[in-house]
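In what follows, chains carry the letters A, B, and so on, assigned in the order in which the sequence lines appear, proteins first and then strands, with residues in each chain numbered from 1.
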There are 2 protein chains.
Amino acid sequence: MSYEIEQLLNKHGVKPTPQRAVIAEYLMSTMSHPTADEVFQAVENKLPVSLSRATVYNTLNTLVEKGVIREVVTEAGKARYDANISDHHHFVDLETGQVMDVPLEEIGNLPIIQPKFMDGSFEVQNFQITFFGKRK
Amino acid sequence: MSYEIEQLLNKHGVKPTPQRAVIAEYLMSTMSHPTADEVFQAVENKLPVSLSRATVYNTLNTLVEKGVIREVVTEAGKARYDANISDHHHFVDLETGQVMDVPLEEIGNLPIIQPKFMDGSFEVQNFQITFFGKRK
DNA sequence: TATGTATTTAGACTAATTCTAATCCGAGAA
DNA sequence: TTCTCGGATTAGAATTAGTCTAAATACATA
Ligand SMILES: [Mn+2]
Ligand SMILES: [Mn+2]
Ligand SMILES: [Zn+2]
Ligand SMILES: [Zn+2]
């Protein structure tokens, strides 16, 4: 496994194993916001041993918990995974389902929105904007 | 079934049946953004006949297609339904899972955000903001 | 009344994810 | 070195959310 991936996992307190490394490496390499099944298909032949779907799910959950990646939910029934943990939002192409990053600059560096929620009795920790549309 | 529900369904081109009426009535009565299963449990005993889960799913899908209600997705693996079709956003209490409305006034009547997306090659049709946080 | 179409139903089916129990692996202890 | 033990991985079963199928029902109109 590459030194960078090993460092990244160690930095977040995740023991680097070959399975975790290929999954993290794949997520770092793509902008496609893949589902668990897409991750499985992309990496299953990159290991000398067989890879279990349970390991893919375990690893994705661990990486999310430890802050290595983010989970992105844009439609019912499927979770997507994103190695881009910088503050950004998402655009969903309604025709293809493709999920794309919307960096903060693209929306004019919108300041953190802090709704005065329910008379201030709730506090917002973060928020996610999902744009839906299509190619012109 | 109440005259108002009958009118609402007719207005949207949905033939009012007893099953559709109790489901729509329940959604109009609650602010809880229930899942399909919560809808099923809330209404199953409000009819003289047995209610099929398939009818609940069929009805929710029909009501969404015809614009009577909205689907709201705040977490992986479950769709929620919302009879509030006015333009608004959502807050998710991370401790309880509760989903609450965030009217536009609460976020300062934020103007429609139109990201200059990918050099203007995509157009945004709508967007939704999901806030995550907890009770203070 | 006869017919046709939409709706509802129970249950089979599928897809996504989690769980289980057995095996595997590797870092430190003996 | 070998032992040991906890964490990681595995195959497959189980669960959950949702869709599909085929039959029965309801209802509008001819
Ligand atoms: Mn998935
Ligand atoms: Mn549901
Ligand atoms: Zn992203
Ligand atoms: Zn709402």
Side-chain angles (χ1 to χ4, degrees), chain A residues 1 5-6 9-10 12-26 33-66 68-69 71-81 97 99, chain B residues 1 5-6 9-10 12-26 33-66 68-82 97 99:
Chain A
M1 79 189 72
I5 288 288
E6 193 170 342
L9 296 180
N10 278 324
H12 287 87
V14 177
K15 187 200 284 191
T17 65
Q19 289 83 353
R20 288 167 172 176
V22 294
I23 290 169
E25 218 148 41
Y26 172 62
H33 302 82
T35 62
D37 196 61
E38 287 163 352
V39 171
F40 175 77
Q41 291 184 43
V43 308
E44 65 170 326
N45 294 318
K46 293 196 177 146
L47 289 164
V49 298
S50 68
L51 175 66
S52 167
R53 275 168 205 284
T55 298
V56 174
Y57 282 103
N58 288 343
T59 296
L60 292 170
N61 290 337
T62 298
L63 296 179
V64 169
E65 277 160 27
K66 298 306 178 74
V68 185
I69 64 175
E71 187 183 84
V72 177
V73 179
T74 58
E75 64 188 294
K78 48 185 66 174
R80 296 180 169 276
Y81 296 90
V99 177
Chain B
M1 79 189 73
I5 288 288
E6 194 170 340
L9 296 180
N10 278 325
H12 287 85
V14 178
K15 187 200 284 193
T17 65
Q19 289 85 351
R20 288 167 174 176
V22 293
I23 290 169
E25 219 149 40
Y26 173 62
H33 301 82
T35 62
D37 196 61
E38 287 164 352
V39 171
F40 175 77
Q41 291 183 43
V43 308
E44 63 171 326
N45 295 318
K46 294 197 176 144
L47 289 164
V49 298
S50 68
L51 175 66
S52 167
R53 276 167 203 284
T55 298
V56 174
Y57 282 104
N58 289 343
T59 296
L60 291 171
N61 290 337
T62 299
L63 295 179
V64 169
E65 277 160 27
K66 298 304 178 75
V68 185
I69 64 175
R70 287 216 271 168
E71 186 184 84
V72 178
V73 179
T74 58
E75 64 188 294
K78 47 185 69 173
R80 296 179 169 277
Y81 297 90
D82 188 352
V99 177

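Following rounding to the nearest Å, B/K78 (NZ) and D/dA17 (P) show an atom-to-atom distance of 6 Å. One interatomic measurement links the two molecules: CD of B/E38 to P of D/dT16, which rounds to 14 Å at whole-angstrom precision. What separates CG of A/L47 from P of C/dC25 is a distance of 13 Å, to the nearest Å. When the P atom of C/dT9 is taken as reference, atom CD of B/E44 falls 11 Å away, rounded to whole Å. In this structure, CZ of B/F40 is placed 12 Å from P of C/dG11, rounded to the nearest angstrom. We find that NZ of B/K66 is positioned 13 Å from C1' of C/dT7, with the value rounded to whole Å. Between the CE atom of A/M1 and the P atom of C/dG26 there is a distance of 10 Å, rounded to whole Å. Distance A/Q41 CD to C/dA15 P: 12 Å, rounded to the nearest Å.
Residue A/I69 holds its CD1 atom at 8.5 Å from CG of A/N61, rounded to the nearest 0.5 Å. Atom NZ in A/K78 sits 7.5 Å away from atom CD in A/E38 (nearest 0.5 Å).
Side-chain atoms of A/R20 come within 3.5 Å of backbone atoms of A/K15 as a donor-acceptor pair (strictly under, hydrogens ignored).
Listed by chain and number, the residues in a side chain to side chain donor-acceptor pair (under 3.5 Å) with B/E75 amount to none (sequence neighbours excluded). Partners of B/R70 by side chain to side chain donor-acceptor pair (under 3.5 Å), not counting sequence neighbours, listed by chain and number: B/H88. Residues forming a side chain to side chain donor-acceptor pair (under 3.5 Å) with B/E6 (at least two apart in sequence, or on another chain): none.
In terms of phosphate contacts, A/N61 brings a side-chain nitrogen or oxygen within less than 4.0 Å of OP1 or OP2 of C/dT18.
Note on A/T55: a base of the nucleic acid sits closer than 4.0 angstrom, heavy atoms only.
Of the listed residues (A/L63, A/T62, A/T17), just one forms a side-chain contact (heavy atoms from CB on, under 4.5 Å) with A/L9, and that residue is A/L63.
Legend: side chain to side chain donor-acceptor pair (under 3.5 Å) pairs involving residues 41-53 of chain B, not counting sequence neighbours, sorted by first then second residue: B/D37-B/Q41, B/D37-B/R53.
The side chain of A/Q19 approaches D/dT9 more closely than any other nucleotide in the set C/dT8, D/dG18, D/dT9. Residue B/T17 places its side chain closer to C/dT8 than to any other of C/dT8, D/dA8, D/dT19. Distances from the side chain of A/Y57 to the nucleotides D/dT9, C/dA16, D/dG18 place C/dA16 closest. Closest contact between the side chain of B/R20 and the listed nucleotides C/dT9, C/dT7, D/dT9 involves C/dT7.
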Chi angles and distances behind the side-chain contact (heavy atoms from CB on, under 4.5 Å) call for A/E71, A/Y81: CA-CA 5 Å; A/E71 187 183 84; A/Y81 296 90; 3.4 Å; yes
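B/Q19 has its side chain within reach of B/V49: a pair of non-hydrogen atoms, C-beta onward, lies under 4.5 Å apart.
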For nucleotides 11-13 of chain D, print each protein N/O atom paired with a nucleotide N/O atom at under 3.5 Å, atom names and distance only.
unit_1	atom_1	unit_2	atom_2	d
D/dA11	OP1	A/S50	OG	2.5
D/dA11	N7	A/S52	OG	3.1

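Comparing B/A76 and B/V14 by the nucleotide of DNA chain C whose heavy atom lies nearest to each, the residue mapping closer to the 5' end is B/V14.
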query: How does protein reach along nucleotides 25-30 of chain D, written 5' to 3' as B (base within reach of a heavy atom under 4.0 Å), S (only sugar-phosphate), or - (no contact)?
result: ------
